[in-house]
Every structure is written in C-alpha cells, then in structure tokens.
There are 2 protein chains.
Amino acid sequence: MREFKRKARVLLIDDNADHLRGIKELINIETSYEVVGTTTSANMGINLIKKYQPDLVLMDINMPEKDGLQAIQEIEKLELETKIIALSGYDDADLIFRAMKIGAKGYVLKTMASAQLIYAIDEVLNGKVYLPSALSSRFFEYFQRTFKEEAATQNEENLLNYLTSREEEVLDLLTQGNNYKAIAAKLFISETTVKTHVNNIFQKLQVNDRTQAVLYALNNGFANKVRAKISA
Amino acid sequence: MREFKRKARVLLIDDNADHLRGIKELINIETSYEVVGTTTSANMGINLIKKYQPDLVLMDINMPEKDGLQAIQEIEKLELETKIIALSGYDDADLIFRAMKIGAKGYVLKTMASAQLIYAIDEVLNGKVYLPSALSSRFFEYFQRTFKEEAATQNEENLLNYLTSREEEVLDLLTQGNNYKAIAAKLFISETTVKTHVNNIFQKLQVNDRTQAVLYALNNGFANKVRAKISA
DNA sequence: ACTTTCCTAAATCCATGGATGTAAATCAAT
DNA sequence: ATTGATTTACATCCATGGATTTAGGAAAGT
C-alpha cells in the first residue's frame with residue numbers, strides 16, 4: 001500500500017543546524033517521507049513553504065530571532081494544506097496551549113524518542129491532531145484551569161435570568177453596539193419604550209450604564225444563551 | 001507500595017443496571033479500588049457523592065432523565081476532591097469538548113476495552129487528566145475549529161495597534177465599565193484629558209461611542225494583549 | 001373577576017457623553 | 001535645531017443617555 005503513495009514532503013525549520021541535520025537523517029530513514037528543505041530561519045521557512053507547499057512542517061518554536069508561534073500563525077494565514085508540528089524544548093502548558101490554539105497539528109518535545117516523533121508525523125499526515133499523552137495531559141489541565149471560571153459563571157446565580165424576553169432582545173442589540181434610536185428602529189417600537197426597557201435592564205443587572213450592562217452580558221454567557229434562542 | 005495505600009473509593013452512576021453491574025465487577029477485580037456505591041440516578045448519585053466523598057466517580061453522561069453533563073457541573077460546584085470520568089456511548093466531539101470544559105478528568109467510551117477504562121482510572125487517580133488518544137484527537141480538532149476565527153482576528157489588520165500606550169490604558173479602563181470621572185481618578189488626570197483620549201480612540205477604532213469601542217476591543221483580543229503588557 | 005407581569009409610551013429633568021478646535025509641555029528621532 | 005508624536009488640558013456646544021413617574025392595554029395565572 002504505502003509504497004505506492006507518493007512520499008510525503010517534509011520541511012524542517014530549526015535554528016540549531018546540528019539538530020536540523022539530525023532530524024533530517026532520522027526522517028530520511030523513513031522511506032515514506034522526503035525532506036524537501038531545511039532552514040534555520042523562520043522567515044526563510046515561510047518563503048520555502050510558499051514555494052514548495054510541503055505536506056508537513058516541523059517547526060522549532062524556541063528560536064531567538066523570530067517567535068516560532070508567530071511563524072505558525074503566518075503560515076496558517078496562507079490557508080495551505082500544509083500541516084505543522086511544533087518542536088519545542090519545553091513542555092510548558094501555556095506554550096502547548098497556544099501552539100494548538102493557533103492550529104499546530106502536533107507538539108513534540110525535542111527530548112522525546114525519535115520513534116515518538118515518527119509516530120506523531122504519521123498521525124498528523126493521516127489527518128489527525130496528535131499530542132503525546134504526557135503533553136495532552138498538561139494541555140487538558142491548562143484548558144480546564146482556563147475554562148473553570150467560565151463554566152462556573154455559566155450556572156451560578158445569573159442576573160440575566162431575570163430578564164424578560166423583550167429585555168433580552170434589547171440587551172442583545174445593545175451588545176451589538178446599537179444606540180436607542182437604532183434599537184427602536186430595529187424593534188419597531190418607540191425610542192422611549194426602548195429607554196424603559198433599558199432602564200429595567202439596568203435595575204435587574206445592577207449596573208449604571210449601557211457599557212456595564214453589555215459587559216455583564218458578555219461575561220455571563222449572554223451570547224451563548226440568547227443567540228440560540230432568538231435564531232431558533 | 002500500592003497495597004499500603006488505602007483503596008481508592010469509586011462511585012458508579014449509570015442508568016443501565018446491567019452495565020452498572022458489569023463495571024462494578026470489573027473494578028472490584030482490581031485490588032486497589034473499592035466500589036463504594038452504585039446508582040442509576042444522577043440525582044441520587046449527587047447525594048451519594050456528598051455523603052461518601054469518593055475519590056472517583058464514573059458518570060454515564062447519556063442518561064434520559066437528567067443530563068449527565070449537568071450533573072457533572074453540579075458536582076464540580078461542590079468543590080470536592082472527587083475526580084470525575086465521563087462514560088459515554090458516543091465519541092461526539094462536542095460532547096467530549098463540553099465534558100472536559102466543565103471539569104471531567106477523563107472521557108471513556110463504553111465500547112472501549114476494559115483495560116482502557118482501568119488505565120484511565122489509574123491516570124486520573126494519579127492526578128492527571130486523561131483522554132484516550134482517539135478521543136483527544138477528536139477533541140483537538142474541535143478545539144481548533146472553535147478557536148480558528150479567534151486566532152485569525154488576532155493577527156489581521158487590527159486597529160488596536162494604532163493606539164498609543166496611554167490610549168490603551170484608557171481603553172482598558174473603558175472595558176471595565178468605567179465612566180470618564182472614574183478613569184480620570186484612576187489615572188490621576190483631568191476628565192477633559194480623558195475625553196480627549198477617548199475621542200482619539202473612537203477615531204482610530206472608527207466607532208461612534210464607548211460601547212462600540214469596548215466591543216471592538218473585546219472582539220479583537222484587546223484583553224489578551226494589554227493585560228499582559230500593563231501587569232508586566 | 002382580580003392581580004400580576006409584560007410591553008408599550010410619554011413627559012420631564014438632569015447628567016453624561018461626544019465633537020471640535022486650540023494649545024502647551026515633553027520627548028524621541030532626524 | 002526642528003519636526004512629529006504623545007500627553008496633558010480647557011472651552012464650548014449639542015446629542016445622547018439615564019432616572020423617575022405615570023399610565024394604558026394585553027396576557028396569563030389565581
């Protein structure tokens with residue numbers, strides 16, 4: 001099977017030339033891959049990607065001159081089919097999280113066994129997103145810390161629940177930056193009525209002005225709640 | 001080593017009584033675990049958790065009467081040391097994502113081999129967050145889809161970049177719901193100066209009022225950018 | 001039938017917000 | 001040395017926002 005497919009084309013970006021050679025050899029041993037280029041410069045790497053459109057990029061994200069994460073973002077903006085695996089010396093949860101967030105399809109530590117890297121490459125080339133189990137564990141902890149408050153507020157005493165459906169509509173328009181006049185026009189009611197609703201909203205949310213009302217709404221999952229309801 | 005530690009206390013919640021018995025036997029085979037209770041009702045499960053404070057809960061999240069995810073949220077709100085592993089019949093990415101988001105420490109399919117479940121339990125009891133590789137792969141795809149737009153806006157022509165550092169500070173205070181007077185007091189400058197800054201902000205962000213400015217800021221990653229800078 | 005809640009609306013009054021123009025002091029860069 | 005950007009500040013004027021009170025009709029629950 002495998003030998004009939006064309007070789008996957010891989011590009012390596014790492015500011016350490018020695019490391020670069022090492023990975024290149026490692027990958028060239030695998031008969032199903034072909035290294036189409038190597039470079040120690042992120043900027044050069046981006047140019048090479050535009051030129052060769054490789055299937056996969058191994059990107060060192062601990063480079064001095066240019067931030068590897070930023071480079072990944074730029075590559076993602078090109079909207080190519082090229083998959084990116086981040087290579088890093090650190091298993092820092094924040095780094096892993098950010099890399100995955102901007103679209104890296106994998107994250108492998110430089111200290112990991114080469115078999116691990118090969119496995120990651122295989123998985124990613126097969127369309128999967130792959131994190132070694134030790135790293136995914138870290139990722140999830142970070143993820144849960146990040147979303148804990150959000151999930152918590154989702155359910156605790158939420159002043160938004162006291163709003164009537166009309167007030168929800170008005171607040172929804174407020175959260176889109178409309179003023180009284182615009183809201184009145186969109187709801188086909190008079191401006192004074194809108195003012196009445198907005199004042200009631202202020203009371204219920206215990207805030208003093210529109211901006212605070214909008215902030216309260218956004219911080220308490222209003223969009224998630226209401227857009228579903230209104231568009232349904 | 002292991003036999004000197006007290007047995008980990010496990011609670012099972014699954015509306016299918018047969019399945020419940022199956023898991024119970026499976027777990028009791030393991031000498032290091034002890035099933036302290038089983039129930040087919042989510043509400044009863046929550047009561048049992050309050051009473052026994054088990055180390056781990058295996059929670060079926062596909063139950064008709066009460067949503068398992070909701071139950072997990074309620075348990076999390078108790079702020080106990082109890083870890084939760086979600087059991088599900090479906091490898092739906094959205095389900096997995098939501099379960100992990102609200103604090104499940106693991107997610108295992110009912111169709112998976114029992115060894116897989118035992119492994120997950122071990123990992124979670126050791127303080128890790130564990131998703132079988134097939135599911136974590138799905139999770140990451142979903143995660144990246146969810147954050148793609150956010151990451152995209154992060155880098156495209158962002159009007160926030162034209163703000164001076166003082167204007168950033170003012171906008172930051174605006175995004176916290178402050179009015180002119182409050183901002184002036186916090187920055188030790190006059191109210192008219194604040195107005196000047198705010199007007200310049202409006203010009204640069206091409207908006208008409210504070211609410212729109214705040215919304216623009218929030219929608220374009222302002223908090224992420226600035227809080228780091230100011231608190232640093 | 002009666003009460004309550006919701007949506008609508010207006011009047012009034014005051015506070016706050018926003019637009020515009022002007023200008024001085026500071027500082028970095030050329 | 002001069003320019004340009006930034007931060008500070010004020011005046012003025014008008015627009016918008018917000019508080020408060022009152023009130024009628026509709027709908028829903030008791």
Side-chain angles (χ1 to χ4, degrees), chain A residues 157-219 222 225-226 229-232, chain B residues 157-219 222 225-226 229-232:
Chain A
E157 175 66 328
N158 194 330
L159 299 176
L160 291 170
N161 295 139
Y162 299 130
L163 298 183
T164 68
S165 65
R166 197 56 158 173
E167 285 161 359
E168 283 183 346
E169 285 185 82
V170 172
L171 181 53
D172 186 45
L173 291 171
L174 277 183
T175 63
Q176 290 167 44
N178 294 287
N179 60 14
Y180 288 142
K181 199 176 300 188
I183 295 174
K186 288 181 184 174
L187 295 182
F188 305 107
I189 57 180
S190 87
E191 209 176 317
T192 58
T193 303
V194 178
K195 283 194 176 190
T196 306
H197 287 310
V198 171
N199 268 293
N200 291 334
I201 292 170
F202 290 167
Q203 304 269 319
K204 292 184 180 177
L205 302 188
Q206 298 165 25
V207 299
N208 304 312
D209 58 48
R210 333 148 113 31
T211 308
Q212 289 177 3
V214 167
L215 288 170
Y216 185 94
L218 298 182
N219 289 329
F222 182 69
K225 268 181 210 175
V226 177
K229 193 188 292 184
I230 290 182
S231 70
Chain B
E157 175 65 331
N158 194 329
L159 299 176
L160 291 171
N161 296 141
Y162 298 130
L163 299 183
T164 67
S165 64
R166 196 57 160 173
E167 285 161 0
E168 283 184 346
E169 285 185 80
V170 172
L171 181 54
D172 186 45
L173 291 171
L174 277 182
T175 62
Q176 290 167 42
N178 294 286
N179 60 15
Y180 287 143
K181 199 176 301 185
I183 295 174
K186 288 181 185 177
L187 295 182
F188 305 108
I189 57 180
S190 87
E191 210 175 318
T192 55
T193 304
V194 178
K195 283 194 175 190
T196 307
H197 287 311
V198 171
N199 267 295
N200 291 334
I201 292 170
F202 290 167
Q203 303 272 317
K204 292 184 180 177
L205 302 189
Q206 298 166 24
V207 299
N208 304 312
D209 57 50
R210 1 134 99 27
T211 308
Q212 288 177 6
V214 167
L215 288 170
Y216 185 94
L218 297 182
N219 289 329
F222 183 68
K225 266 182 212 172
V226 177
K229 193 188 289 183
I230 290 181
S231 71

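Quick note on labels: first sequence line is chain A, next is B, and so on, each numbered from 1.
- Here D/dT6 presents its P atom at 17 Å from CG of B/Leu187, a figure rounded to the nearest Å.
- With rounding to the nearest 0.5 angstrom, the CD1 atom of B/Ile201 is 13.0 Å from the OH atom of B/Tyr216.
- D/dT7 atom C1' lies 14 Å from atom CG of B/Leu163, rounded to whole Å.
- Following rounding to the nearest Å, B/Ile183 (CD1) and C/dG18 (P) show an atom-to-atom distance of 10 Å.
- Going from atom CZ of B/Arg210 over to atom OG1 of B/Thr175 covers 11.5 Å, rounded to the nearest 0.5 Å.
- The nearest whole Å value for the distance from the NZ atom in B/Lys195 to the P atom in D/dC13 is 14 Å.
- Side-chain contact between A/Asn199 and A/Thr196 is absent, with no heavy atoms from C-beta onward closer than 4.5 Å.
- Between A/Glu191 and B/Thr192, the residue anchored closer to the 5' end of DNA chain D is B/Thr192, taking for each the nucleotide with the nearest heavy atom.
- Among the nucleotides C/dC6, C/dT8, C/dG18, the one closest to the side chain of B/Tyr180 is C/dG18.
- In this entry the distance linking CG of A/Asn179 with P of C/dA19 reads 12 Å, nearest Å.
- No donor-acceptor distance shorter than 3.5 angstrom exists from the side chain of B/Tyr180 to the backbone of B/Val198, with no hydrogens or angles considered.
- Judged by distance alone, the side chain of B/Asn178 and the main-chain N or O of B/Leu173 form a donor-acceptor pair under 3.5 Å.
- Of all nucleotides listed (C/dT16, D/dT7, C/dT8), C/dT16 comes nearest to the side chain of B/Lys181.
- Taking atom CG on A/Leu174 and atom P on D/dT16, their separation rounds to 16 Å, with Å as the unit.
- In the set D/dT6, D/dA9, C/dT8, the nucleotide with an atom closest to the side chain of A/Thr193 is C/dT8.
- Contact annotation: B/His197 side-chain N/O to D/dT7 OP1/OP2 distance is not under 4.0 Å.
- Counting only heavy atoms from C-beta on, A/Thr196 has its side chain closest to C/dA10 among D/dT7, C/dC7, C/dA10.
- Side-chain atoms of A/Gln212 come within 3.5 Å of backbone atoms of A/Asn208 as a donor-acceptor pair (strictly under, hydrogens ignored).
- Interatomic distance, A/Thr164 OG1 to A/Lys204 NZ, rounded to the nearest 0.5 Å: 5.0 Å.
- A heavy atom closer than 4.0 Å to some atom of DNA chain D occurs in A/Asn199, A/Phe202, A/Asn208, A/Asp209, A/Arg210, these being the qualifying members of residues 199-211 of chain A.
- Going from atom CD of B/Gln212 over to atom P of D/dT16 covers 13 Å, rounded to whole Å.
- Between A/Glu169 atom CD and C/dT8 atom C1' the separation is 14 Å, expressed in whole Å.
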